[in-house]
Amino acid sequence: MSSDENPFNKFLKRRRSRIFKNREALLHTYTPERLPHRDDQINELASILSVALDGSPPKNIMVYGITGSGKTVTVRYVLKKLEEMAAEIGAHVQSIYINCEVVDTSYRVLQTIANNFIKQWEERIPPTGLPTDEVYSKLQNILDEYGGVVVVALDEIDRLVKKSGDNILYMLTRINEYLNRAKLSIIGIANDLKFVDLLDVRVRSSLMHETIVFPPYNAKQLEDILKDRANIAFYEDVLEPAVIPFCAAASAKEHGDARRALDLLRTAGEIAERNNEPKVREGHVKLAIKRLEMDTVVEAIRTLPTHGKAVMYAMYRKSLRELKLGKRANDIEFTTGELYQEYSDVCDFLGIPPVTQRRFTDFVSYLDEIGLLNARIISRGRYGRTKIIKLASDLGYIEEALRNDPEFSAFFAKRQSQLYLTNYFED
DNA sequence: TGTCCACTGGAAGGGAGGGCTT
DNA sequence: AAGCCCTCCCTTCCAGTGGACA
């Protein structure tokens, strides 16, 4: 390459995709103009929310269904349409969407709602510092100043309740009693309804005035969704005919998760694009399945705190030893005590003090929750009660994640990979 | 049948860090 | 600057637990 040739040239040529017309249509954040197989839910939501257009507060709504059943996208779609209609007829309606996985304390929820109405940066409510009660009364003033109907959608509301209790829901469900001009309604979105057991009876009855269920999609329905989005996302004739049915079938097997189906299709397209191929084939989807599996594990580990990573590394190291002794990957499991010992050794190695066993069990529970580990409690009689902990993801993926971590890469620096990225758990 | 093991997991609280009001 | 509040991460304490074993 001559020195005057710009090294970005070849990327520039490739930059204009021959595969994607509009990649965004396959992202979770995209709200499409059509939502196949969700007419019933859209109509139900719209009929409950329609009173907002007359200035009355809609009843609170609980929306539930498993991951990828279209809850979020449907609620966002209906809220968008509600605001459009309100603007058209001059009604005072504002909707606010809050993801409680990010905004997960009472204070932050109140702050987020309030800041939605504050345009001046200096006047916005700070992320911490004020008493929660004060933010609550500020919010009342702000809402009354606005004077219309406010619909707040709390996505992953179950997480909020598990983490911070139901105090915030109590505050929000009662706020209308203190408002003179404005009215506030809540839409709670949850994966399952187990969390309502944690709610105060009054909160429960108020929050669940209306419930709307989102059943999982079947393969045929997923296909319709993918076709719709593919029309927006891909150039014509880029997808081979088998691609969409294959994506739909693979995701239908995993509880009909539309989000995953869209991820698969997008990733398959990206793989084809990166390989400079003119068409997306079934083979790309198969690669995409592997890729997504690995990305999920790598991303989950990457975002863990140091001690969480240390637990994963302890699990990795101990499993690897067992593997070398000839044990089958599926049979490798440890008790809390065994893994805690290994974890303490890892901390010694890193030169950081280990957390207590109590805190350690919190990490194990969390890693179980996010699917990196499998943990179940067993009783071994006079040998006590403990948790049996197994890996829930491929050792190779875990190694890949830790090898690229600045704190843990030293463990791998001298050695070549002990593993190839083969799936040990494939049988 | 009672004992006892090796934990589990809830509750309370400490302290560092960030930010507010007065 | 002082006093207060919130969040996050962690420790300490401790009652509770299921089932093998004597």
Side-chain angles (χ1 to χ4, degrees), chain A residues 98-115 118 120-142 154 156-172 194-195 197-200 300-315 318 333-348 350-370 372-390 407:
Chain A
I98 297 176
N99 186 345
C100 300
E101 207 182 346
V102 187
V103 181
D104 59 359
T105 63
S106 307
Y107 183 96
R108 295 266 160 89
V109 170
L110 297 173
Q111 180 218 9
T112 307
I113 300 172
N115 281 348
I118 304 174
Q120 291 292 335
W121 190 255
E122 318 80 64
E123 289 170 19
R124 289 167 79 91
I125 292 177
T128 159
L130 299 176
T132 306
D133 289 350
E134 199 177 322
V135 181
Y136 187 56
S137 48
K138 272 194 179 180
L139 176 63
Q140 289 169 24
N141 294 335
I142 289 166
L154 298 171
E156 316 240 10
I157 192 173
D158 38 344
R159 276 178 186 274
L160 177 67
V161 172
K162 266 178 217 154
K163 184 162 179 243
S164 307
D166 65 352
N167 193 31
I168 176 65
L169 297 182
Y170 186 74
M171 286 169 146
L172 289 180
K194 266 183 239 150
F195 84 98
D197 296 341
L198 303 170
L199 298 179
D200 180 281
I301 292 179
R302 193 183 64 78
T303 50
L304 288 174
T306 303
H307 287 290
K309 287 176 189 160
V311 176
M312 285 311 293
Y313 182 71
M315 194 68 199
K318 210 163 163 56
E333 54 185 31
F334 310 108
T335 64
T336 299
E338 288 165 347
L339 191 60
Y340 182 66
Q341 187 53 57
E342 183 76 22
Y343 154 81
S344 302
D345 293 347
V346 169
C347 286
D348 271 0
L350 288 171
I352 54 172
V355 296
T356 56
Q357 186 156 323
R358 173 69 189 84
R359 179 76 182 122
F360 174 82
T361 63
D362 283 342
F363 278 112
V364 171
S365 301
Y366 175 70
L367 293 169
D368 179 31
E369 200 177 300
I370 63 172
L372 288 175
L373 299 178
N374 266 325
R376 63 176 204 283
I377 300 165
I378 61 148
S379 175
R380 298 179 301 168
R382 67 180 284 105
Y383 304 108
R385 233 158 85 93
T386 183
K387 251 182 187 160
I388 292 293
I389 305 158
K390 286 178 89 160
E407 277 175 293

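Values reported hereafter were calculated over all heavy atoms of this structure, with side chains retained and with hydrogens, waters and symmetry mates removed. Throughout, a chain's letter reflects where its sequence line sits, starting with A, and its residues are numbered from 1.
- Mapping A/R385 and A/R382 onto DNA chain C by nearest heavy atom places A/R385 at the nucleotide closer to the 5' end.
- Note that the CD1 atom of A/I388 and the CD1 atom of A/I378 stand 4.0 Å from one another [nearest 0.5 Å].
- Residue A/T336 has no polar side-chain atom (N or O) positioned under 4.0 Å from OP1 or OP2 of B/dC7.
- A straight line from NZ of A/K138 to P of C/dC5 spans 15 Å, rounded to a whole angstrom.
- One can place CD1 of A/I125 at 13 Å from P of C/dC6, the figure rounded to the nearest angstrom.
- Proximity note for A/R380 (side chain, C-beta onward) versus C/dC6, B/dC7, C/dC10: the nearest is B/dC7.
- Using a 4.0 Å heavy-atom distance criterion, A/F363 is classed as a sugar-phosphate-only contact.
- With rounding to the nearest 0.5 angstrom, the OH atom of A/Y170 is 13.5 Å from the OG atom of A/S106.
- A donor-acceptor pair under 3.5 Å is absent between the side-chain atoms of A/E156 and the main chain of A/E101, judged by distance alone.
- The CZ atom of A/F334 sits 18 Å away from the C1' atom of B/dC7 (whole-angstrom rounding).
- Put simply, CG on A/D104 is 14 Å from C1' on C/dC9, counting in whole angstrom units.
- The base of C/dT11 lies outside donor-acceptor range of the side chain of A/R358, with no N or O pair under 3.5 Å.
- As rounded to whole Å, 16 Å separates atom C1' of C/dT17 from atom CD1 of A/I388.
- Here the C1' atom of nucleotide C/dC8 and the CG atom of A/D362 are 13 Å apart, to the nearest Å.
- Between A/R359 and C/dC10 there is a side-chain polar atom (N or O) within less than 4.0 angstrom of OP1 or OP2.
- For C/dT12, neither phosphate oxygen OP1 nor OP2 lies less than 4.0 angstrom from any side-chain nitrogen or oxygen of A/T356.
- Distance from the side chain of A/L130 is smallest to B/dT21 among B/dT21, B/dC7, C/dG18.
- Counting to the nearest Å, the C1' atom of C/dC10 and the OH atom of A/Y343 are 11 Å from each other.
- Looking at A/R124, its side chain does come within 3.5 Å of a backbone N or O of A/I118 through a donor-acceptor pair.
- Counting only heavy atoms from C-beta on, A/I377 has its side chain closest to B/dT8 among C/dA20, C/dG19, B/dT8.
- Remark: the A/Q357 side chain and the A/T336 side chain contain no N/O donor-acceptor pair separated by less than 3.5 Å.
- Between A/K387 and the phosphate of B/dA6, there is no side-chain N or O to OP1/OP2 separation shorter than 4.0 Å.
- Between C/dC6, C/dT11, B/dA6, one nucleotide has an atom nearer to the side chain of A/P131 than all others, and that is C/dC6.
- Look at A/T105 and you'll find a side-chain N or O under 4.0 angstrom from OP1 or OP2 of C/dT7.
- The interatomic distance linking A/Q111 (CD) with B/dG19 (C1') rounds to 12 Å, in whole Å.
- Using a 4.0 Å heavy-atom cutoff across all strands shown, A/Q357 reaches sugar-phosphate atoms only and no base atom.
- Rounding to the nearest 0.5 Å gives a distance of 14.5 Å between CZ of A/R159 and CG of A/L154.
- When the nucleotides C/dC10, C/dC21, B/dT8 are ranked by their closest atom to the side chain of A/T386, B/dT8 comes out on top.
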